[in-house]
Amino acid sequence: MPETTVVVIAADYFQSYSVVGLLALIGVLFVAVAFGAGRLLRPVVPTPEKLLTYECGVDPVGEGWAHTQVRYYVYAFLYVIFAVDSIFLFPWATVFAAGGYGATTLVEMFLFLGFLAVGLLYAYKKGVLTWA
């Protein structure tokens, strides 16, 4: 392969990354300008009422620590796992439809689904999926 061809391919490759980098820089500058403008334009009048902890319109009473049951986090974690599963299933379906990849992608996806099934079975055996 001649050296000029390699240089042209590398230039095209890095040009696409330069567009992404430029957009990222514009995004960072946009956020920095917005925060800077907010800091310059807002009034700064600290009062004791403004320095109180505020949540849901209720004045804070008692300690700042509250007991939360862990099972709600487990349900959220299980939801995230299956949301990620669905993210992988859609691209798999498009690759599976392409010619020449059928058996390989089918085996890979059933392996992936098998790992998820083992995780779900483990959660079931531990009693995580019982709401009581």
Side-chain angles (χ1 to χ4, degrees):
M1 181 180 266
E3 190 172 318
T4 57
T5 307
V6 172
V7 171
V8 169
I9 291 173
D12 288 342
Y13 178 77
F14 287 119
Q15 181 185 7
S16 61
Y17 276 111
S18 65
V19 171
V20 172
L22 181 65
L23 285 175
L25 181 67
I26 289 171
V28 168
L29 286 174
F30 181 77
V31 171
V33 167
F35 275 112
R39 186 175 191 129
L40 290 174
L41 297 174
R42 72 176 180 223
V44 181
V45 186
T47 61
E49 289 83 17
K50 287 183 179 179
L51 298 176
L52 280 177
T53 305
Y54 180 81
E55 184 174 344
C56 300
V58 180
D59 289 332
V61 178
E63 295 182 21
W65 294 98
H67 295 288
T68 304
Q69 294 188 5
V70 125
R71 71 173 146 220
Y72 301 119
Y73 295 109
V74 172
Y75 284 112
F77 186 64
L78 286 172
Y79 169 76
V80 168
I81 288 172
F82 287 104
V84 169
D85 175 36
S86 65
I87 288 171
F88 282 117
L89 283 175
F90 288 115
W92 168 77
T94 58
V95 170
F96 185 69
Y101 293 108
T104 305
T105 44
L106 188 65
V107 168
E108 288 175 355
M109 189 46 61
F110 276 112
L111 248 150
F112 178 69
L113 291 174
F115 281 123
L116 285 176
V118 167
L120 185 62
L121 182 66
Y122 177 77
Y124 177 75
K125 290 286 186 184
K126 285 290 197 179
V128 171
L129 301 178
T130 57
W131 189 276

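Values below: all heavy atoms of this structure, side chains included; hydrogens, waters and symmetry mates excluded.
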Check: Under the side chain to side chain contact (heavy atoms under 4.5 Å, CB included) test, which residues partner Y124, sequence neighbours left out?
Finding: L129
Margin query: Is there a path of hydrophobic side-chain contacts, each under 4.5 Å between heavy atoms of I/L/V/M/F/W/Y residues, joining F115 to V107?
Written below: yes
Check: How would you list, by chain and number, every residue that makes a side chain to side chain contact (heavy atoms under 4.5 Å, CB included) with L29, sequence neighbours excluded?
Finding: L25
Item checked: Crowding at CZ, F110 (>12 non-hydrogen neighbours, <6.0 Å) -> no
